[in-house]
Amino acid sequence: MAEANWYVVHTYSGYENKVKANIEKTIENRNLQEEILEVRVPLQDVMEMKNGVRKTVQKKMFPGYVLINMVMNDDTWYVVRNTRGVTGFVGPGSKPVPLTEAEMKPLGIKVDNITIDFSEGDTIVVVAGAWKNTVGVVQKIDFSKQSVTINVDMFGRDTPVEISFAEVRKFS
């Protein structure tokens, strides 16, 4: 069996969730679960100010686009391409181009899991980046973002800073 890759599909703006639902329904109806593995509308959390109140809302990262993890063949191409609301695959001409590993990383879809040897309350040292050689106590660990939040002393105040797992080590 061929390998599944992530492809980008262009849709009418505002139809992303409808396209996702239509493709998922077609997958179920045509029994294509082995060939079309996942359909995503990438979202991000954004802070908004409304009437003086801060509020976190989810917004589409790429309005007008849907990501699909699928095995590319004539059947899957036809199913996706002929879904209502889809204008086509992203790529030159009619040839879809899969996303590379480097393009997938910022989307948080295929992240190499890093194992950590510390937990909340442990003291760690930052070994890379802007906060290199800073020592701090772990306040929060976010496995989905693969980051840790520590408090650093900035202008005489404790300030929370989020740092990648790859940039910290347990302080010994």
Side-chain angles (χ1 to χ4, degrees), residues 1-11 16-17 19-20 23-24 27 33-72 76 80 89-91 96-172:
M1 188 170 125
E3 184 183 338
N5 289 304
W6 284 93
Y7 294 90
V8 181
V9 176
H10 191 264
T11 68
E16 300 88 355
N17 291 328
V19 165
K20 178 181 188 244
I23 291 172
E24 287 172 344
I27 291 168
Q33 292 88 345
E34 299 294 316
E35 294 173 332
I36 301 176
L37 307 174
E38 188 177 354
V39 183
R40 276 198 184 183
V41 178
L43 301 171
Q44 64 184 352
D45 289 332
V46 178
M47 290 294 279
E48 275 188 356
M49 287 287 284
K50 276 195 177 174
N51 300 330
V53 178
R54 270 202 216 215
K55 191 174 166 187
T56 304
V57 294
Q58 287 197 320
K59 297 237 177 185
K60 293 180 184 100
M61 285 176 120
F62 310 109
Y65 295 95
V66 174
L67 300 177
I68 302 178
N69 189 12
M70 63 188 252
V71 176
M72 184 58 72
T76 57
V80 173
F89 281 93
V90 172
V97 177
L99 292 172
T100 64
E101 198 70 36
E103 292 169 326
M104 293 305 296
K105 237 182 179 155
L107 303 177
I109 294 175
K110 283 189 178 178
V111 178
D112 302 330
N113 285 329
I114 298 172
T115 55
I116 56 172
D117 61 347
F118 51 83
S119 57
E120 289 183 16
D122 287 350
T123 303
I124 59 169
V125 62
V126 182
V127 294
W131 297 100
K132 187 174 181 176
N133 298 328
T134 302
V135 176
V137 176
V138 178
Q139 301 299 316
K140 185 173 109 182
I141 297 174
D142 189 340
F143 287 98
S144 63
K145 285 188 189 174
Q146 301 240 327
S147 68
V148 61
T149 303
I150 63 170
N151 280 345
V152 296
D153 183 45
M154 196 189 293
F155 306 118
R157 289 187 173 162
D158 274 349
T159 306
V161 176
E162 191 173 309
I163 301 171
S164 167
F165 285 169
E167 297 178 356
V168 296
R169 299 283 176 268
K170 190 169 185 174
F171 187 72
S172 48

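To the nearest 0.5 Å, atom CD1 of residue Ile124 and atom NZ of residue Lys170 are 11.0 Å apart. Rounded to the nearest 0.5 Å, atoms CZ (Arg40) and CH2 (Trp6) are 5.0 Å apart. Rounding to the nearest 0.5 Å gives a distance of 9.5 Å between CD1 of Ile68 and CD of Glu24. One distance of note links OH of Tyr7 with CG of Leu67; it measures 13.0 Å at 0.5 Å rounding. We find the CG-CE distance between Asn5 and Met72 to be 8.5 Å, quoted to the nearest 0.5 Å. Atom-to-atom distance recorded for Met70:CE and Thr76:OG1 is 3.5 Å, nearest 0.5 angstrom.
Considering all non-hydrogen atoms of both residues, Thr134 and Val152 come closest at CG2-CG1, 3.5 Å. When all heavy atoms of Thr56 and Met47 are compared, the closest pair comes out as OG1-SD, 3.0 Å. Pro42 and Phe62 make their closest contact through CG-CD1, 4.0 Å (heavy atoms, listed as atom of the first residue, atom of the second, distance). Here the closest non-hydrogen pair linking Leu99 and Glu103 is CA-OE1, 3.3 Å. In plain terms, the two heavy atoms of Ala4 and Asn69 that are nearest each other are CB-OD1, 3.6 Å. Closest non-hydrogen pair, Asp142 versus Phe165, comes out as O-CZ, 4.0 Å.
Screening Val80, Val39, Val8 against Val66 for a side chain to side chain contact (heavy atoms under 4.5 Å, CB included) leaves a single residue, Val39. Here the rule is side chain to side chain contact (heavy atoms under 4.5 Å, CB included) with Glu120, and of Val138, Thr149, Val137 only Val138 fits it. Exactly one of Val148, Asn151, Ile150 qualifies for a side chain to side chain contact (heavy atoms under 4.5 Å, CB included) with Gln139. That residue is Asn151.
Here Gln44 pairs with nothing under the side chain to side chain donor-acceptor pair (under 3.5 Å) rule; sequence neighbours left out.
With hydrogens and angles ignored, the 3.5 Å screen pairs no side-chain donor or acceptor of Glu162 with any backbone N or O of Pro160.
Separation of the Phe89 and His10 ring centroids does not fall under the 6.0 Å cut-off.
Counting only residues at least two apart or on different chains, the salt bridge (charged side-chain N to carboxylate O under 4.0 Å, His left out) pairs with a member in residues 56-71 are Glu16-Lys60, Glu48-Lys59.
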